[in-house]
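Just so we're on the same page: letters track the sequence lines, and every chain starts at 1.
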There are 2 protein chains.
Amino acid sequence: MFKEVRRTVEHMKRAPASADAGPPRWLTDEEQRVWRAYIEASTLLEDHLDRQLQRDAGMPHVYYGLLVKLAEAPSRRLRMTELAMSAKITRSRLSHAVARLEKSGWVRREDCPSDKRGQFAVLTEKGQEVMRRHAPGHVEAVRQAVFDRLTPEQQKSLGEIMGIIAEGLQPSETGADLPWLR
Amino acid sequence: MFKEVRRTVEHMKRAPASADAGPPRWLTDEEQRVWRAYIEASTLLEDHLDRQLQRDAGMPHVYYGLLVKLAEAPSRRLRMTELAMSAKITRSRLSHAVARLEKSGWVRREDCPSDKRGQFAVLTEKGQEVMRRHAPGHVEAVRQAVFDRLTPEQQKSLGEIMGIIAEGLQPSETGADLPWLR
DNA sequence: GGTCACTACTTGAACTCTCAACTTCCACCA
DNA sequence: TGGTGGAAGTTGAGAGTTCAAGTAGTGACC
């Protein structure tokens with residue numbers, strides 16, 4: 001992915017005032033193959049699941065994920081920020097999403113009694129019904145695209161690898177740039 | 001991810017006229033952990049790279065990927081459909097994207113001499129310049145988020161796994177629902 | 001050489017997401 | 001008790017994406 005760029009860059013003079021840390025650590029050919037495979041698979045997979053869910057359930061994959069989180073939560077309700085955190089998205093994105101899910105009748109908002117700024121997103125009966133109806137199709141799509149194609153070792157590996165990457169992107173330090181704190 | 005849904009579904013009567021193929025093959029707890037890790041990592045990673053590139057280079061990650069493809073291509077030009085195929089996106093999405101990249105001066109369109117319906121997307125000098133300037137920062141971001149955290153075995157594994165998934169999502173059959181044929 | 005199915009690409013509207021305000025409320029502390 | 005800084009959530013505008021429909025050109029067949 002960076003080969004041709006490197007060719008262009010390598011004969012370039014280092015900018016004198018540049019405050020970077022040494023020469024760019026380009027990806028090796030093998031690393032490039034891995035990275036390309038990742039980009040292609042994740043692009044195709046997200047497209048595939050979005051399309052399946054949009055067609056069958058009338059919502060994008062992320063929105064479906066929000067309903068799942070709510071279904072898993074005690075009393076099928078979660079504070080907005082908790083939900084954003086759990087879905088790894090910004091509160092703004094969530095606000096818009098919940099507005100739309102509310103319009104579809106699958107989620108409703110409730111005020112938080114203990115904190116007047118707070119809002120709960122609550123899965124409605126209609127929301128549960130839509131999940132019952134479409135969960136099987138969705139799991140099947142995930143299976144076909146991912147689990148049916150991987151050996152148990154590869155599945156284990158995938159979980160470990162993605163766990164490491166996810167962890168690395170949400171450092172515990174204060175001031176970390178996490179979507180739900182933006 | 002599907003546990004609570006299962007709980008709701010399992011005591012449900014099978015719809016008599018349903019034309020599905022047997023009971024839903026729910027994900028096991030372990031599969032759910034893997035899937036959740038994948039969703040979280042890919043969400044966070046795409047957010048991270050989008051943000052880095054938007055801040056530094058003024059474009060989203062996908063658009064940057066298009067410039068990379070063009071930089072790698074002979075004469076730094078590709079037919080629209082080839083580019084869409086190589087980036088795994090729809091031609092419509094690409095049309096809009098190229099329109100924007102053209103407005104920024106990083107890409108220009110050229111007519112195809114041999115097929116009057118055809119268009120080339122061509123990386124401009126300004127486009128090459130923007131890549132020279134921002135490739136190092138982007139590679140560094142990818143390294144920090146992914147390669148620096150994985151062992152060589154994990155990297156190899158990741159490449160194989162994502163290769164399998166990508167392959168599975170672009171079957172060679174005619175009539176396959178591929179984004180760039182939509 | 002006419003027509004017809006198909007290919008290449010674009011377009012506009014509806015939808016989603018980002019970014020930067022903005023409102024409201026909480027917690028702390030003087 | 002009355003600031004004040006930060007937290008919770010929303011909003012609107014602009015950017016990006018999808019979907020369905022459109023234009024225009026190709027090529028194969030009769």
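A salt bridge does not link A/Arg77 to A/Glu72: none of the charged nitrogens lies less than 4.0 Å from a carboxylate oxygen. Here A/Glu102 does not pair with A/Arg100 in a salt bridge; the nearest charged N to carboxylate O distance is not below 4.0 Å. A salt bridge does not link B/Arg33 with B/Glu31: none of the charged nitrogens is closer than 4.0 Å to a carboxylate oxygen.
The minimum heavy-atom distance between A/Ala141 and A/Gln52, with the atom names listed, is CB-OE1, 3.8 Å. Residues B/Pro136 and B/Arg133 approach most closely at CD-O, 3.9 Å, considering heavy atoms. Smallest separation of non-hydrogen atoms from B/Thr43 and A/Ile89: CG2-CG2, 4.4 Å.
In this entry the distance linking CE of B/Met80 with P of D/dA24 reads 18 Å, nearest Å. In this entry the distance linking CG of B/Leu66 with P of D/dG16 reads 12 Å, nearest Å. Here the P atom of nucleotide D/dG25 and the CZ atom of B/Arg117 are 10 Å apart, to the nearest Å. Between A/Arg55 atom CZ and D/dT18 atom P the separation is 16 Å, expressed in whole Å. What separates CD of A/Glu110 from C1' of D/dA8 is a distance of 17 Å, to the nearest Å.
Across residues 168-182 of chain B, not one residue has a non-hydrogen atom less than 4.0 Å from an atom of DNA chain D.
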Using a cut-off of under 3.5 Å, enumerate the N/O to N/O pairs linking the protein to nucleotides 11-15 of chain D.
unit_1 : atom_1 : unit_2  : atom_2 : d
D/dT11 : O4     : A/Ser92 : OG     : 3.0
D/dG12 : O6     : A/His96 : NE2    : 2.9

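Ring-plane geometry between B/His138 and B/His61 is classed as tilted, the angle between the planes lying from 30 to 60 degrees on a 0 to 90 degree scale.
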Exercise. Could you give me the CA-CA distance, side-chain angles and deciding distance for A/Lys88 and B/Asp47, then say whether salt bridge (Lys or Arg N to Asp or Glu O under 4.0 Å) is met?
Key: CA-CA 9 Å; A/Lys88 313 300 172 192; B/Asp47 174 86; over 6 Å; no
ask   = Please walk me through it: do A/Ser42 and B/Ser42 pass side chain to side chain donor-acceptor pair (under 3.5 Å)?
value = CA-CA 7 Å; A/Ser42 60; B/Ser42 60; over 6 Å; no
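The nucleotide range of DNA chain C contacted by chain A, defined by atoms under 4.0 angstrom from heavy atoms of the protein and reported 5' to 3', is C/dT16 to C/dC26.
Counting heavy atoms of neighbouring residues, nucleotides and ligands inside a 6.0 Å radius, atom CD of A/Glu167 does not exceed 12 of them.
Place B/Arg79 and A/Gly58 on DNA chain C by their nearest nucleotides, and B/Arg79 ends up nearer the 5' end. Each of B/Arg51 and B/Gly118 was assigned the nucleotide of DNA chain C with the nearest heavy atom; the assignment lying further toward the 5' end belongs to B/Gly118. Map A/Phe120 and B/Thr90 each onto its nearest nucleotide of DNA chain D; the residue landing nearer the 5' end is A/Phe120.
Note that the CG atom of B/Leu70 and the CD atom of B/Gln128 stand 10.0 Å from one another [nearest 0.5 Å].
At a threshold of 4.0 angstrom between heavy atoms, the contacts of B/Asp50 with the nucleic acid are absent.
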